[in-house]
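Written out below as structure tokens is the structure these notes cover.
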Amino acid sequence: MAGNNGIRIGVIGGSGLYEFDNLKVIQRSFPETPWGYPSGEIVIVQDPRGFKIAFLARHGKGHLYNPSEIPSRANIAALKHIGVEVIIAFSAVGSLREEIKPKDFVLPDQIIDRTKGIRHSTFFENGLAAHVSFADPFNQTLSDLIYRHKSVLEKEGSTLHQEKTLVCIEGPAFSTRAESKLYRSWDCDVVNMSAIPEAKLAKELEIAYQMVCMSTDYDCWKQGEEDVTVDAVMNVMLQNSAQAKRLLETILPDLEQALNDGKFESIKGNASYSFVTSKESRKAEQIKKLQYVLPGYF
Ligand SMILES: CSC[C@H]1O[C@H](OP(=O)(O)O)[C@H](O)[C@@H]1O
Ligand SMILES: Nc1ncnc2[nH]cnc12
């Protein structure tokens, strides 16, 4: 499977969202990329109108990987290689705001990176230096498109919040109470462990990327609430995953139309302006790897 298969939409499922069983499975693959194997199989599903979506479970089947161990470069590279232009990435998050209640959904527009530099977070290294803009880590067109369908969630009693700030911690332990309060003082609204490096890598490969966060707990800042536990997260996710699937099904026709109307074309070519290494200094081995994800650039 490589490019031009008509698979333009990728969906990444997070904790508690390991498959999209409401759509018909038409193909499965486990491709080796120049950055190794993805977290699990890439499952191609088809919606009732015949539109194909590539689904990947971030933590693998059976939740194999801790956030720091996720092979994010292979995940994003594999999706890009088969032609994906847009990624909707689901994530279970802790809420740092009273008004973001468990079971609410959030479309963040900013990230504060509190990971510890131990995750591979770039495709550009080893003889090819490049710096993409990360001022806006998420895609506004995609966020607005999803937000237009907020009534699907409201019908079930959940609110969809937009323009919020996500703090991504290293984990795997949850935050201390002092950290949780610090993030609130920094105006962060939600916390997870998986936005970085996924969002950065998608940006490097010119993929329109939006995280759809599902609030599962109040972390540990809120008096009178239980401190977050895996049990609490998974319990809420069990109830929320049907909502996530419904939201995805609802936005698909609009998303297909937006792709056909060229609404995501403006980000194409962005990476080419970010290279700093002169053409003659670029290492052949690195160029070969990058041709897998950015064909036609070198
Ligand atoms: C299972 S609790 C912590 C775990 O949940 C979130 O995962 P994901 O973003 O993949 O839904 C969070 O980022 C942590 O990895
Ligand atoms: N409180 C929390 N902190 C980090 N990641 C989370 N995922 C779900 N809840 C979380």
Side-chain angles (χ1 to χ4, degrees), residues 11-17 58 86-114 134-169 174-175 179-196 198-199 202 208-226 228 232-252 254-255 258:
V11 173
I12 298 181
S15 299
L17 204 57
R58 179 181 293 121
V86 164
I87 293 179
I88 296 173
F90 287 95
S91 171
V93 301
S95 167
L96 299 169
R97 298 286 147 209
E98 183 85 49
E99 66 276 15
I100 302 177
K101 302 193 168 50
K103 296 198 202 157
D104 277 2
F105 282 54
V106 179
L107 297 165
D109 66 349
Q110 282 298 323
I111 303 176
I112 291 186
D113 181 1
R114 284 269 300 162
F134 200 50
D136 292 306
F138 299 110
N139 186 277
Q140 191 65 45
T141 306
L142 188 51
S143 175
D144 289 344
L145 189 149
I146 299 168
Y147 193 69
R148 282 202 290 277
H149 294 280
K150 64 180 192 298
S151 61
V152 192
L153 300 175
E154 285 168 353
K155 272 188 221 147
E156 303 294 325
S158 304
T159 304
L160 177 61
H161 306 261
Q162 205 186 19
E163 290 169 9
K164 300 293 175 197
T165 298
L166 165 74
V167 55
C168 180
I169 62 169
F174 292 111
S175 308
E179 286 166 340
S180 198
K181 288 178 182 165
L182 178 71
Y183 303 147
R184 278 168 51 76
S185 79
W186 287 351
D187 281 343
C188 300
D189 301 297
V190 285
V191 53
N192 79 355
M193 305 177 192
S194 50
I196 300 289
E198 219 172 74
Y209 176 93
Q210 179 63 49
M211 199 158 237
V212 177
C213 300
M214 294 168 290
S215 159
T216 53
D217 53 84
Y218 279 112
D219 201 37
C220 59
W221 60 272
K222 195 166 183 284
Q223 272 195 345
E225 287 286 335
E226 292 284 318
V228 57
V233 172
M234 290 317 215
N235 190 22
V236 175
M237 278 309 301
L238 209 67
Q239 303 169 52
N240 254 23
S241 63
Q243 290 265 70
K245 290 172 193 175
R246 209 167 299 129
L247 177 67
L248 182 71
E249 269 187 309
T250 312
I251 65 170
L252 277 177
D254 235 13
L255 185 51

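Computed from a prediction, not measured in an experiment: that's the story for all the values here. Along the sequence shown, residues carry numbers from 1.
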Next on the checklist: Within the 4.5 Å heavy-atom criterion, are Arg148 and Leu145 side-chain neighbours or not?
Outcome noted: yes
Next on the checklist: Looking at every heavy atom in both Ser95 and Ile100, which two are closest together, and how far apart are they?
Outcome noted: OG-O, 2.7 Å
Checklist entry - Is the shortest heavy-atom distance from the side chain of Phe105 to the side chain of Asn240 under 4.5 Å? => result yes
Checklist entry - Could you give the distance from CH2 (Trp186) to CG (Leu96), rounded to the nearest 0.5 Å? => result 11.5 Å
Item to check | Separation of Asp104 CG from Met214 CE (nearest 0.5 Å) | outcome: 12.0 Å
Checklist entry - When rounded to the nearest 0.5 angstrom, what is the spacing between CG in Leu153 and OH in Tyr147? => result 10.5 Å
Checklist entry - Could you go step by step and tell me if Tyr209 and Leu142 meet the side chain to side chain contact (heavy atoms under 4.5 Å, CB included) rule? => result CA-CA 8 Å; Tyr209 176 93; Leu142 188 51; 5.9 Å; no
Checklist entry - Measuring from Leu17:CG to Ser91:OG, what's the distance to the nearest 0.5 Å? => result 10.5 Å
Item to check | Considering all heavy atoms, the nearest Asn139-Gln210 contact | outcome: O-OE1, 3.5 Å
Next on the checklist: Less than 4.5 Å apart, side chain to side chain, heavy atoms only: is that true for Arg58 and Phe90?
Outcome noted: no
Item to check | Candidate list Arg97, Gln110, Lys164, His161, test side-chain hydrogen bond (donor to acceptor under 3.5 Å, both in side chains), partner Asp189, passing option | outcome: Arg97
Item to check | Considering all heavy atoms, the nearest Asn192-Ala92 contact | outcome: CB-O, 3.8 Å
Checklist entry - Any donor-acceptor pair under 3.5 Å linking the side chain of Ser185 with the backbone of Leu182? => result yes
Next on the checklist: I'd like to check Cys220 versus Phe174 (side-chain heavy atoms, cut-off strictly below 4.5 Å). Are they in contact?
Outcome noted: no
Checklist entry - Does the side chain of Pro102 come within less than 4.5 Å of Thr216's, by heavy atoms? => result no
Next on the checklist: Take a 6.0 Å sphere around CD of Glu156 and say whether it holds more than 12 heavy atoms from other residues, nucleotides or ligands.
Outcome noted: yes
Checklist entry - Sub-3.5 Å donor-acceptor pair from the side chain of Asp217 to the main-chain atoms of Asp219, do we have one? => result yes
Item to check | Set of ring-ring contact (aromatic ring centres under 6.0 Å, His included) partners for Tyr218, sequence neighbours left out | outcome: Trp221
Checklist entry - So do Met211 and Pro137 actually touch side chain to side chain, heavy atoms under 4.5 Å? => result no
Next on the checklist: Can you confirm whether Lys222 is buried at NZ, in the sense that more than 12 heavy atoms of other residues, nucleotides or ligands lie under 6.0 Å from that atom?
Outcome noted: yes
Checklist entry - Nearest 0.5 Å, what's the NZ-OG distance between Lys155 and Ser151? => result 5.5 Å
Next on the checklist: What I'd like to find out is whether the side chain of Ile88 reaches to under 4.5 Å of the side chain of Leu255, using heavy atoms alone.
Outcome noted: yes
Checklist entry - Atom CD of Gln140 and atom CD of Glu163: how far apart are they, to the nearest 0.5 Å? => result 6.0 Å
Next on the checklist: If you define the side chain from C-beta out and look only at heavy atoms, does anything of Met234 sit under 4.5 Å from Ser15?
Outcome noted: yes
Next on the checklist: Please identify which of these residues, Gln243, Lys103, Lys101, meets the side-chain hydrogen bond (donor to acceptor under 3.5 Å, both in side chains) condition with Ser158.
Outcome noted: Gln243
Item to check | Leu166: which of Val93, Ile196, Asp109 passes side-chain contact (heavy atoms from CB on, under 4.5 Å) | outcome: Val93
Checklist entry - How far apart are the C-alpha atoms of Asp144 and Gln162, what are their side-chain angles, what is the distance that settles it, and do they pass the side chain to side chain contact (heavy atoms under 4.5 Å, CB included) test? => result CA-CA 9 Å; Asp144 289 344; Gln162 205 186 19; 2.9 Å; yes
Checklist entry - Could you go step by step and tell me if Ile87 and Val11 meet the side chain to side chain contact (heavy atoms under 4.5 Å, CB included) rule? => result CA-CA 6 Å; Ile87 293 179; Val11 173; over 6 Å; no
